[in-house]
There are 2 protein chains.
Amino acid sequence: MVQYQGMHFNTAFAALADATRRGVLEQLARGDASITDLAGRFEMTLTGMKKHVSVLEGAGLVVTEKVGRVRRCRLGVCRLEEEAAWIERFHQLWSARFDALDRVIAELKSKERRHGRRKGK
Amino acid sequence: MVQYQGMHFNTAFAALADATRRGVLEQLARGDASITDLAGRFEMTLTGMKKHVSVLEGAGLVVTEKVGRVRRCRLGVCRLEEEAAWIERFHQLWSARFDALDRVIAELKSKERRHGRRKGK
DNA sequence: CTGATACTGAACCATACGGTTCAGTATTGC
DNA sequence: GCAATACTGAACCGTATGGTTCAGTATCAG
């Protein structure tokens, strides 16, 4: 759907939308690990963890390399900067709107005060 | 799953993982809109757009209010700050690791240079 | 009252997700 | 060579997602 570019955001945010995967990222930030390590740490089958790692790899958040029979997983180059930037840019638009809104609210409040009564909710 | 807290991150990141929904957020940042407005702008049925708006509302990213027969949608208070903070905190751990890695790489490169040849890949 | 507008809910559909089991294959260690 | 280890792939399962249609309900305009 939507020709709109941003496939990269889709996969990156989707990858972050799972607690296990965020946990894996935090774990990898503390050091590389194998699929077995991660599966053990998150009490999951190897196959299950493999899928999570694949999702993270597909999003470019981790890179893996097979060394002998073990797959070494480590953090990828942080493309998450783009996501943070998106949120940040967005937050600015947002703030601008709320600054405007704040003035309106302040005005309403002062009116209420002048009328000497408050309306809950 | 995972008892692990972070339900809020799950819904927020999941909400952001869809291009249409990110588009809706950007649209709302430029001004409030009704379901009909949004459905028109993103060429989608009312029902389809309603679902997207519900997801965004569930994530606390937008708030809606029914005024007469039209539902007015606007941005919610920006709880996205927490998401940005998560990414930021994470990015710091990440950088720390890459700073260490950078030194190793720099050393390897200087060795390569001393050997007088480069290995493409 | 009547018709148009704006949403809402239920049902359905195809596909994706998070997880499992089971049956391999490739490597390592003795 | 043989067993154990470490992963991998296919198949399956229940649930969620992104979307639709269809049949309402509520509100507004005249």
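Proteins get letters first, then strands, A, B, ... in listed order; numbering begins at 1 in each.
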Engineer: Could you check whether R21(A) gets within reach of a base, just the sugar-phosphate, or nothing at all, counting any heavy atom under 4.0 Å?
Structural biologist: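 Sugar-phosphate: the residue R21(A), judged by heavy atoms under 4.0 Å, touches backbone atoms but no base.
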
Engineer: May I have the distance from L46(A) (atom CG) to dA23(C) (atom P), rounded to whole angstrom?
Structural biologist: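 Rounded to the whole Å, the gap is 17 Å.
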
Engineer: Using a cut-off of 4.0 Å on non-hydrogen atoms, how would the nucleic acid contact of G68(B) be classed: base, sugar-phosphate, or nothing?
Structural biologist: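 Result for G68(B) = sugar-phosphate.
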
Engineer: Per the side chain to side chain contact (heavy atoms under 4.5 Å, CB included) rule, which among L56(B), V24(B), I35(B), D37(B) passes with C73(B)?
Structural biologist: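 With C73(B) as partner, side chain to side chain contact (heavy atoms under 4.5 Å, CB included) holds for just one option, I35(B).
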
Engineer: Contact class for I35(B) vs. all strands (heavy atom < 4.0 Å): base, sugar-phosphate, or nothing?
Structural biologist: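 Sugar-phosphate contact only - I35(B) comes under 4.0 Å of backbone atoms but never of a base.
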
Engineer: Quick one: which of dG9(C), dG9(D), dG18(D) gets closest to the side chain of H52(B)?
Structural biologist: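 Taking heavy atoms from C-beta onward, the closest nucleotide is dG18(D).
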
Engineer: Mind calculating the distance between NZ (K66(B)) and P (dA26(D)) to the nearest angstrom?
Structural biologist: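 Nearest whole value for this atom pair: 10 Å.
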
Engineer: Go nucleotide by nucleotide along DNA chain D from the 5' end; which of A14(B) and R69(B) gets its closest nucleotide reached first?
Structural biologist: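 Nearest-nucleotide comparison on DNA chain D picks A14(B).
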
Engineer: Can you measure R71(A) atom CZ to dA26(C) atom P for me and round it to whole angstrom units?
Structural biologist: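 These atoms are roughly 14 Å apart.
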
Engineer: Rounded to the nearest Å, what distance is computed from the CE atom of residue M44(B) to the C1' atom of nucleotide dT17(D)?
Structural biologist: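 From M44(B) CE to dT17(D) C1': 12 Å.
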
Engineer: Send over the distance from M49(A) CE to dG19(C) C1', rounded to a whole Å.
Structural biologist: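 To the nearest whole Å, that distance equals 12 Å.
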
Engineer: Does any donor-acceptor pair link the side chain of T47(A) with the base of dG9(D) at a separation under 3.5 Å?
Structural biologist: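 Indeed, a donor on one side and an acceptor on the other fall under 3.5 Å apart.
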
Engineer: Measuring from atom CG of L38(A) to atom CE of M44(A), what distance do you get when rounded to the nearest 0.5 angstrom?
Structural biologist: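 Separation between the atoms: 10.0 Å.
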
Engineer: Using heavy atoms to find the nearest nucleotide of DNA chain C for V67(A) and K51(A) separately, return the residue whose nucleotide is more 5′.
Structural biologist: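 Nearest-nucleotide comparison on DNA chain C picks K51(A).
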
Engineer: Using only atom types and a distance under 3.5 Å, with no angle test, would you say the side chain of R21(B) pairs donor to acceptor with the backbone of A14(B)?
Structural biologist: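 Yes, the answer is positive, given that a donor and an acceptor are paired below the 3.5 Å cut-off.
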
Engineer: Rounded to the nearest angstrom, tell me the gap between atom CG in N10(B) and atom P in dA16(D).
Structural biologist: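 Taking CG of N10(B) and P of dA16(D), I get 13 Å after rounding.
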
Engineer: Tell me: CG of L38(A) to C1' of dA6(D), nearest whole Å?
Structural biologist: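 It works out to 13 Å between those atoms.
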
